[in-house]
Number of protein chains: 2
Amino acid sequence: MATIYDVAKKAEVSSKTVSRVINGDSKVKESTRELVLEIMRQLDYRPNQQARQLRLGGKSGIGLLLEDPDSGYQTRFQSAMLHAAMEAGRYLSVELFTHLQDNWKTHLSRFIKDSNISDLILLPTQCDFGPLRDFLRENNVNCVLISPTHLDNDFVSIAMDERLAAREITEYLINIGHRKIAHISGHPDHAASLLRRQGFYEAFEKHNLPRPRDEYVVQSDFQFKTGLKIAEELLNTDDLPTAIFACNDETAAAACSAAHKRGLRIPEDMAIVGFDDVYLATAIWPSLTTVRQPYLEMARRSISVLAHMREKSSESDVQLRHVLPYSIIERESSSLSPKGEI
Amino acid sequence: MATIYDVAKKAEVSSKTVSRVINGDSKVKESTRELVLEIMRQLDYRPNQQARQLRLGGKSGIGLLLEDPDSGYQTRFQSAMLHAAMEAGRYLSVELFTHLQDNWKTHLSRFIKDSNISDLILLPTQCDFGPLRDFLRENNVNCVLISPTHLDNDFVSIAMDERLAAREITEYLINIGHRKIAHISGHPDHAASLLRRQGFYEAFEKHNLPRPRDEYVVQSDFQFKTGLKIAEELLNTDDLPTAIFACNDETAAAACSAAHKRGLRIPEDMAIVGFDDVYLATAIWPSLTTVRQPYLEMARRSISVLAHMREKSSESDVQLRHVLPYSIIERESSSLSPKGEI
DNA sequence: AACTAAATTGTCATCGATGTCATTTTAAAT
DNA sequence: ATTTAAAATGACATCGATGACAATTTAGTT
């Protein structure tokens, strides 16, 4: 394993000069730079990260906290982060985290200190846990919040417009002819639940249609199991809705199951749409029409914002709120002839 | 941030002594050890990992290579690794890896060198990619293979008995009265496919039952989409099987969809069982009876074996093959009154 | 009390990089 | 040709830990 000294010796320059080349320092004569680069290539030299970081006091990894790594949303987001990190030549350190663990503070500081990360990414809903925010603020952790409920001038947030997306997918249902549309909404503590429901109602207002009756708007909690029970209750009526907008794909999958149980065909008898575009959306039949979160874009933006923040540190030219564009993916669960991609 | 010198000064000992305490060196008087520990606690001292590793030439993270982070199996395994790593006070660095990428070697060496990992964990099917194994061998990477197809005296493998599990779940179907059982098998390149099919046949032999006819044993590739098509073909007959053993849960989910499409009730008209026990197994209706892979146990074992290997290095007392016990989880897809847990 | 071996502790160099500041080289200006 | 400022390079200390080995303390023996 070649070191900076091996390179220096072979190139007949000082280690400092090699260091300058590595770090793109401008004060190196072009000819020596090329020489050094050539030797580095010959020796297949790569800087020792530990030494580098010891000196710089820095770490280089990106930390991602997961509350439930099996959840579709978190899996998808992580997947996107892995791609984005690869593009940026960085590495991802993943850690389980729940504020329910009583020693979460110790646990988190250990992770931050010991695991070689310089930045942290927080997903919903932990990004809205107050004491966690205080902790991050106090410890000056370089982080971004993904789709937080509460905005805050101390933290950069990266999100999509949930309400608009909800409105748009509801309008889509209206446009293909549905009028009796039900909505299964998510966990009440989750900001997304409220926003998505608001968007749902807005679609009707915008089209000058009557607000759906209250029995058509029910409360679940984003989970399949609960969703199944709720959907069964919802469909236990003679006056069935012709479409359901579920708060997320898991719940939409549950709605499909409930509909099938009751002998309804999808989408002929009932259209069902979800939200998030997780793996599950294409691992069931029929595949789900849904709103695709801009996972990859969010991941890329997170990385670039974090880097920017680390440089500018406390300067004020860091954009605080980032809103990225979503898209609607049409699949089998709402249309006999899907136009969208898989 | 307190350093070893701060501790040494306050405790009025040398930094070396503090170092000894940190590393559990025996040659420290009990009283001084306690004193030092107390001061460490007071200052909330934690060793600087970079410095430590610079000196020790070591890294501390565990690397996990994922080919498809959205796949149920990989998600579940990662999830288990996160738990096991937490228990062991270690951290997980996750990286996308596919040998289809043409510069996979560079990519992998960079990951290993730059991302602070000391160990590597390989999942199927990349653990069976020959050139990758050669690379790991040549570069002396400390790693374990999870459920590899090809055994090899240079690598430690951690697996479950796929064939026995397949046999057992087939026997379960036989025991609850099924005789006409179909099997949708996995991708032919995947060792698990063969083993699971073998196990399937063995169950019939053991019970002195005729081998299922060839039309009942079809080939898919572990993916939902393919599985759906195959299952539809399988069920497009008048002489329906009464049960299906699918090679994995995704395929079982596809079989459920195909059955529903054809108006069959599960499990009344047809029982369906899967394999792996991934998230999907309980995110569809009916929930799937399946074989639970010993994810957590595999993860824990991986960590302990890796640590052991690093110590013993080339010594021969490292157990090469580890086979861990699976379990069968009975759920709604095969039984009207499931006995198993969720 | 003196001696010795064992137990404990300390000194200093080192890992591989970068920062500070001094030194040398280069090129432009007189 | 000499001076001078700028550009390029290098010497050395440093980051926070541990290893090798030296020095000291302790306790046991005679």
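A, B, ... follow the sequence lines: proteins, then strands. Residue 1 opens every chain.
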Legend entry - Electrostatic pair A/E30-A/R33, nearest N-O below 4.0 angstrom: yes

Legend entry - Under-4.0 Å salt bridge between A/D134 and A/R137: yes

What is the distance, rounded to the nearest whole Å, between atom [atom1] of [X] and atom [atom2] of [N]?
X     : N      : atom1 : atom2 : answer
A/Q53 : D/dC15 : CD    : P     : 17 Å
B/K9  : C/dG10 : NZ    : P     : 15 Å
B/R52 : C/dG16 : CZ    : C1'   : 18 Å
A/K29 : D/dT9  : NZ    : C1'   : 10 Å
A/D6  : C/dG16 : CG    : P     : 8 Å
B/L54 : D/dC15 : CG    : C1'   : 9 Å
A/I22 : C/dT18 : CD1   : C1'   : 10 Å

Side chain of [X], heavy atoms from C-beta onward: which of [options] has the nearest atom to it?
X     : options                : value
B/K16 : D/dA17, D/dG19, C/dT8  : D/dG19
A/S14 : D/dT9, C/dG10, D/dT18  : D/dT9
B/R20 : D/dC21, D/dA13, D/dA17 : D/dC21
B/R55 : C/dT14, C/dA17, D/dC15 : C/dT14
A/N48 : C/dT9, C/dG16, D/dA8   : C/dG16

Legend entry - Residue A/R321 excluded, over 12 heavy atoms near CZ under 6.0 Å: no

State whether [X] places a side-chain N or O below 4.0 Å from either non-bridging phosphate oxygen (OP1 or OP2) of [N].
X     : N      : result
B/Y5  : C/dG10 : no
A/T17 : D/dT9  : no
B/T3  : D/dG16 : no
A/T32 : D/dT9  : yes

Legend entry - B/E30 vs A/I4, nearer the 5' end of DNA chain C by closest nucleotide: B/E30

Legend entry - Comparing B/A51 and B/E12 on DNA chain C - which has the more 5′ nearest nucleotide: B/E12

Legend entry - Residue among A/R133, A/H190, A/H150 satisfying side chain to side chain donor-acceptor pair (under 3.5 Å) with A/D128: A/R133

Legend entry - Pair A/W104 and A/F129, ring centroids less than 6.0 Å apart: yes

